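Remarks on the structure that follows.
Naming convention: chains lettered A, B, ... in sequence-line order (proteins, then strands); numbering from 1 in each chain. The figures here come from the full heavy-atom set of this structure, side chains too, leaving out hydrogens, waters and symmetry mates. Computed from a prediction, not measured in an experiment: that's the story for all the values here.
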Amino acid sequence: MEYNFKEIEKKWRQAWAERGTYRVKEDAEKEKFYVLNMFPYPSGAGLHVGHPLGYIASDIYARYKRLRGYNVLNPMGYDAYGLPAEQYAIQTGQHPAKTTEQNIARYREQLDKIGFCFDWSREVRTCEPNYYHWTQWAFRRMFNSFYCNSCQQAQPIEKLVEAFEQNGTAGLDVAGSEELNFTAEEWKAMSDVQQQEVLMNYRIAYLGETMVNWCPQLGTVLANDEVVDGVSERGGYPVVQKKMKQWCLRVSAYAGRLLTGLETIDWTDSIKETQRNWIGRSEGTEMQFRVKDSDIEFTIFTTRADTIFGVTFMVLAPESELVAQLTTPEQKADVDAYLEATKKRTERERIADRKVTGVFTGSYAVNPFTGEAIPIWVSDYVLAGYGTGAIMAVPAHDSRDYAFARHFNLPIIPLVEGADVSEESFDAKEGTVMNSPVAGKETLHGFSLNGLSIKEAIAATKEFVTKHGMGRVKVNYRLRDAIFSRQRYWGEPFPVYYKNGMPQMVPEECLPIELPEVSKFLPTETGEPPLGNADYWAWDTVACKVVENSRIDNISVFPLELSTMPGFAGSSAYYLRYMDSHNEKALLSAEAADYWKEVDLYVGGSEHATGHLIYSRFWNKFLHDIGVSKVEEPFRKLVNQGMIQGRSNFVYRLKDTNTFVSLGLKDNYDVTPLHVDVNIVQNDVLDIEAFKAWRPEYADAEFILEDDKYICGWAVEKMSKSMYNVVNPDMIVEKYGADTLRLYEMFLGPINQSKPWDSNGIDGCARFLRKAWGLFFDKENLAVTDVEPSKENLKTLHKLIKKVTEDIEEFSYNTSISAFMIAVSELSSQKCRSREVLQQLVVLLAPFAPHICEELWHIMGNEGSVCDAQWPVFDEAHLKEDNVTLSVSFNGKTRFTLDFPTTATKEEIEAATLASEQTQRYLEGMQVVKIIVVPGRIVNIVLKNK
RNA sequence: GCUCGAAUGGUGGAAUGGUAGACACGAGGGACUUAAAAUCCCUUGGCCAGUAUCGGCUGUGCGGGUUCGAGUCCCGCUUCGAGCACCA
C-alpha cells in the first residue's frame, strides 16, 4: 500500500482536534510535566522553516513524556503587542489589532499543519483584555510594594509607611533609588505630596527621572537590551541619552537573587554566563574622602582598596552633583565648557572615539591614609550611574586611569614589585605590594601593606577601613532598573491616573483598563504619546470606573497615563497564565499554581538572554514574594535552539546581457552574481523553466550550461525575503508531509546549533518514512501477524529502545533518527512480521512522526490514540550474545579481532589471546610488558624489544 | 580587553579515554527500464599496493604533554562564533 501522507495527515489533524486529544487537566493521580516554547510575535511574513525548529523539539519531548505516563502541559500563544504592527498602522491606517488578528490566523494555520500536541484551549494573546488585565494587576502590585534588603523580599508599601511613622528611616535596609534620611517627626510633618514623593523612592514600580535611551525616530524610550551599539535594535535608529520621567521597575533590587538563582537551574553555561555579565556583581569598598579646606565629604567605590597609596588624582562623573560644589571660581569657566561639551556627545560618539578628555575642578581631596592632597578632576570616563559616580584614580594599576594620567601629565606610582609601568598599567591582581606606604612616610595608625600579596592587601584594607569607620564593604551590581514606559500605541495601557501631579493606581476591581481607540497612531501635536489622540471621554470604561470607585466628580481634571508598557511586560508571566488561562478572578488559582508549579522544560532562542529571560525571572520572583507563583525560579531547564540561517542561491549573469553562466564556468567570464529564489533550485541545479517564469525579464534568458545543467552558487546568509532564501514550512509539508518535515528539521543537527537551512537532505527522511511504512505491508495487504519475534528482531528492537530513550532525554534527536533508520533497514532485511515488535516500533517513532504512527496504530487494529500508548520497556537480555568480538592491539595499534564466549573472564581472555596463532606472530623478538583487557571492547598487549 | 563556546571527509554531522568518520546528503559505478522518474545493489577521508591473498602508511585546526591507548584529558597557540565592554 502506498504511503499517502496527504490523506493520513489531514485525517488525523481533524480527528485530534475533534477528540480534544491534546487537552490537559490538572490530575492529582499523575505526575505533571510542563513543556513551554517561547511564544512567537506574529509577524506579517508568517513562519519560515526556522521557527518550528524549537517547537518540534519540544513537541517530541512533550509526546515522549506523555507516553511515559506524565500529565503534560504543552501550551501555545502569541506575544501580540509589538512595533511592526504599529508601524504598519502608521503607514496604512490599518488598526494594529486587525493586522495582529490576521497574522495570528496565518500563524495558526501554519502551525496546525505540523502536527503539534499543543493544548490550544489554553491559548493566550498578550493584547487581549482578559490577558493584560493581569499584566496591569502585577504592575499595580509592584507599585504598592517595596523591597526589603534584610529579608530579601518584596513587601507591601504600608509596612514601610508604618516604619516611617515609628522610626523614620532609622534602622531600615530597603532598596531605594537614593539614600534618604529622615526622622519619624520629619515624615509626619511632610505634606501628602511630599510623602508620596518619598515613597516613590522605594516602590518596586516607580516613576523616576532618569537618564533614558531616547530614540527620536521611533518617538519612544528603549530599555538597555533594546539598544545595540548605540542604535535601536528594531530599525537601527540613533539613540540619545535624555533625562525623562519614566515608569521603572526596580529590577536592581533583585540582582542578588537573580544571580544566586542561576546556580539552581539547569541552563547552558553560556546563557548563565551572559546573565552573570549583565548582572555584573562586583565586590569592593566604599571609602569616604574629605575635601581639603572644606566640610564636604564624598564617597567613592573601588574593588582595589589595596591601591590607596597609589592614588594620584580623583575623578568625578560630569553628571555628578559634586562637580558644582567642588569647582573653584577660577576653574568654573573651564568646567562649564567641559560639561557643555560632554552633554552634546551621544553615547554612540563616546563609544566611537575614546579620546581622553577631562578638566580640573580646582579642589583637592585628602587621602585618608596619608593626609596627602589629591587633585579632583571631572571626566566622562567615569559613569554617573555606577557606584557613586566618583573614583579614586590609580594610574599604575588601571588602564583607564593610566591613559588619563599620561594625557594630563599626572604622577604614576607603581605599587607592585617588578611591575613595569613605563608603557602601560599593570592591571593584574597578582604580585607583592610595595610603596604602600613609600619608605619613611607616615600613615594613619602606621598602616602598611608592603610585602603582602594583592589578595591579602585587599582584605587587609577592607578590614582596616571598616574598623576605623572610613567606609564599608559594598557589593555593586551593573544591572540597572528596567525602564517600563514606551511612548507608543500598541501596548498595555497603564492603570494609572494623576492627581496633584502624583500618579495614582486605578483600583484593582476596575481592571483591566482597556486600550482606547485613537484617531491616529502618531504622537499628538503637543508631543504626547499616541494615546493622547484618544478622545478623552472615549476612555469611557476607564473614566467611569475611576469616577465610580474613587468618587471623583470630574475625571477630566485627573489626566490618565498616556504611555504604554514595553514588549517584555506581556511576556513576563505568560507561563503562569497558561496554567489557568480562563480564570477571571485571578492571574491563576492557587490549585493550578500548586499543581503545575514551574516550567520543567523551556525551549527558545538565546537572543533573549538579557531581555525576556531576566525580566521574567524578576517578575516571577516578585510574584513569588507576594505568594502567586509557587517557585523562586520559573524555568527549571532551558534549551536554546539554534538559529536557522538561509542558504541563498546565485545565478551569474554575463555583464550587460540576459545570458547566465553556470557556476563551474563563471570564472571565464565577466559576471554579476544575482540572488535567485531557492524554491526554484534543487540540489543547486536551477530549474530553467521555472526561472524563466519567475520574472518577466528572464522569460527569454539564455544559459551557458555545464553537463547540460545550470549549477547555482550558494552562500549562508540571514533568512530574508530580499535574499530570496525563505523556505516556508507549508511548502515542505505540501511536498513531503509534516512527518518528513519534523524528522528532517531534527535530523539537520544538534538543536542547539545554528545552521543554514538546506533542503538537499530532505529526501533521505522521506525515503526513511516510506521504508518504515513498507515494513507493515505486503503489496496491498497488512503483513503484520502474531508470529513470535525472532531473536534478531528483538535485538534490533531493544537496541533501538535503549538508544532512542537515552537520546530523547539528552535532546539528541538527530542520532535517534539515525538509530531508527538502522533499525528499519535491519527489520526490513530480517523480514520482520511480528506484531509485538512492529507495534513497539510505532510507539517509539510516534513522538517524531505522529501522523504516520497514528495511522499505523489504527491499521494494526488498536483503539484510542498512539499518544496514549505505553513507552516500550528496555530489556538488556535481548542484547546479550553468545560470543563477543574483541579487537586485539599491540602498543595501542589494532591488528586483528578474536571471538570469545560472553562468559569468559578477563584472565581467560588474556590467556586465550596470548595462546592464539595471530598473537604469536607479533611476539617474535618481543617481550610482553602487560596486557590490558577492557571487557566488551579491546585487548591491548604492551610489548617492548627483548 | 575580559568571559564563554567551537574547530572531524565534497556537505550536514556520529563517536561512556578503547577498531575515527555511524546515519544522511552529494558524487561515481551497476541492475531494472525504449527512456526518464522511482526502486534496489556496490564504491566513496587521503596516499600507495592489489584484486588468486581479506594489504600497508597516513589522518580529527597547530605545537607540546599525560596514558598501554587521546577527536576525547592537561598546558601553550591559531582561527571562527557568541556575550559584555570606559562598570573603577
Side-chain angles (χ1 to χ4, degrees), chain A residues 229 268-282 284-285 300-305 307 314-315 317 350-351 354-356 379-383 385-394 397-401 403-404 427 476-480 606-607 609-610 640 642-643 647 683-684 714 743-744 747-750 752-765 767-768 770-771 774 803 806 812 814-822 825 885-897 928-944:
Chain A
D229 293 333
T268 62
D269 289 339
S270 75
I271 291 267
K272 286 189 188 181
E273 196 58 31
T274 301
Q275 293 212 343
R276 282 190 198 108
N277 278 341
W278 190 260
I279 296 165
R281 182 182 198 273
S282 100
T285 314
I300 59 96
F301 175 76
T302 179
T303 53
R304 291 293 301 275
T307 58
M314 312 289 288
V315 188
R350 267 165 82 154
I351 294 167
R354 289 192 183 177
K355 262 191 268 165
V356 177
S379 174
D380 66 1
Y381 84 89
V382 173
L383 306 177
Y386 184 77
T388 60
I391 63 154
M392 62 180 216
V394 185
H397 302 289
D398 182 287
S399 49
R400 294 151 303 178
D401 298 343
F404 196 85
D427 292 13
N476 263 329
Y477 295 96
R478 216 183 55 217
L479 185 70
R480 308 292 165 82
S606 54
E607 67 272 19
T610 54
N640 300 112
M643 289 254 283
R647 186 179 186 277
N683 292 347
D684 293 335
W714 61 274
L743 280 176
Y744 185 58
F747 188 65
L748 223 45
N752 54 7
Q753 235 166 67
S754 287
K755 57 231 153 191
W757 175 268
D758 180 354
S759 301
N760 288 351
I762 198 164
D763 289 315
C765 289
R767 252 171 237 154
F768 159 73
R770 276 202 298 273
K771 280 186 205 164
K803 180 82 178 137
E806 285 170 1
S812 178
N814 55 334
T815 51
S816 39
I817 293 168
S818 296
F820 277 115
M821 290 174 173
I822 295 167
S825 94
T885 306
L886 297 189
S887 320
V888 180
S889 314
F890 296 95
N891 292 339
K893 204 157 204 74
T894 304
R895 295 298 172 175
F896 54 87
T897 61
V928 176
V929 179
K930 63 173 161 175
I931 303 177
I932 293 132
V933 178
V934 181
R937 289 178 195 269
I938 200 163
V939 183
N940 188 22
I941 301 171
V942 185
L943 298 176
K944 70 172 187 192

Original post:
NA contact type, A:N891, heavy-atom cut-off 4.0 Å: base, sugar-phosphate, or nothing?
Top reply: sugar-phosphate

**OP:** Write down the atom of A:S606, the atom of A:I271, and the distance for their closest heavy-atom approach.
**Re:** CB-CD1, 3.6 Å

Original post:
In dot-bracket notation, what is the pairing pattern of RNA chain B, taking Watson-Crick (N1-N3 plus N6-O4 or O6-N4) and G-U wobble (N1-O2 and O6-N3) contacts under 3.5 Å, with [ ] crossing and | for other strands?
Top reply: (((((((..(((.....[....)))((((((.......))))))((((......))))..(((((..]....))))))))))))....

**OP:** Among the candidates B:A38, B:G13, B:A88, find the nucleotide nearest to the side-chain atoms of A:T303.
**Re:** B:A88

**OP:** For residues A:T897 and A:V888, determine if any side-chain heavy atom of one lies less than 4.5 Å from a side-chain heavy atom of the other.
**Re:** no

Could you pull out the protein-nucleic contacts involving nucleotides 18-28 of chain B (nitrogen or oxygen on both sides, under 3.5 Å)?
unit_1: B:G18; atom_1: N2; unit_2: A:N940; atom_2: ND2; d: 3.3
unit_1: B:C25; atom_1: OP1; unit_2: A:R767; atom_2: NH1; d: 2.4
unit_1: B:C25; atom_1: O2'; unit_2: A:N760; atom_2: O; d: 3.4

**OP:** Using the C1' atom as the reference point in each nucleotide, state the distance between B:G21 and B:U3 in Å, no decimals.
**Re:** 33 Å

Subject >> Closest-nucleotide ordering on RNA chain B, the 5'-leading residue of A:R895 and A:D269 >> reply: A:D269

**OP:** Give a yes or no answer on whether the side chain of A:R478 reaches the backbone of A:N277 with a donor-acceptor pair at less than 3.5 Å.
**Re:** yes

Original post:
For B:G12, does OP1 or OP2 lie under 4.0 Å from any side-chain N or O of A:R647?
Top reply: no

**OP:** Taking all non-hydrogen atoms of both residues into account, name the closest pair between A:S887 and A:T894 and its distance.
**Re:** CB-CG2, 3.7 Å

Original post:
A:F301 has a side chain; which of B:A88, B:C84, B:U3 sits nearest to it?
Top reply: B:A88

**OP:** Report yes if at least one side-chain N or O of A:Q753 is closer than 4.0 Å to OP1 or OP2 of B:A6; otherwise report no.
**Re:** no

Subject >> Exam field: side chain A:D758 to backbone A:R647, donor-acceptor pair closer than 3.5 Å >> reply: no

**OP:** Remember a base hit wins even if backbone is also touched, and classify A:R281 as base, sugar-phosphate or nothing at under 4.0 Å, heavy atoms.
**Re:** nothing

Original post:
Reading nucleotides 44-55 of chain B 5' to 3', which nucleotides get B (base under 4.0 Å from a protein heavy atom), which S (sugar-phosphate only), which -?
Top reply: ------------

Original post:
Of A:T388 and A:S812, whose closest RNA chain B nucleotide lies nearer the 5' terminus?
Top reply: A:S812

Original post:
Between B:A88 and A:Y386, is there an OP1 or OP2 to side-chain N/O distance shorter than 4.0 Å?
Top reply: yes

**OP:** Provide the closest heavy-atom pair for A:D427 versus A:R304 in the form atom of the first, atom of the second, distance.
**Re:** O-NH1, 3.8 Å

Original post:
A:N476 side chain to A:S282 main-chain N or O, any donor-acceptor pair under 3.5 Å?
Top reply: no

**OP:** Check every strand shown and say whether A:P756 touches a base, only sugar-phosphate, or nothing at a heavy-atom separation below 4.0 Å.
**Re:** nothing

Original post:
Any idea if B:G64 is syn or anti, going by the 90°-from-0 cut?
Top reply: anti

Subject >> A:K771 side chain to A:M821 backbone, donor-acceptor under 3.5 Å >> reply: no

Original post:
Expressed as a whole number of Å, how far does the P atom of B:G9 sit from that of B:A14?
Top reply: 14 Å

Original post:
Taking the same atom, C1', in B:A20 and in B:U60, what whole-Å distance lies between them?
Top reply: 7 Å

Original post:
In terms of ring plane angle, is the pair A:Y386 and A:F301 parallel, tilted or perpendicular, where the classes change at 30° and 60°?
Top reply: perpendicular

Original post:
So what does A:L748 touch, heavy atoms closer than 4.0 Å: a base, only the sugar-phosphate, or nothing?
Top reply: sugar-phosphate

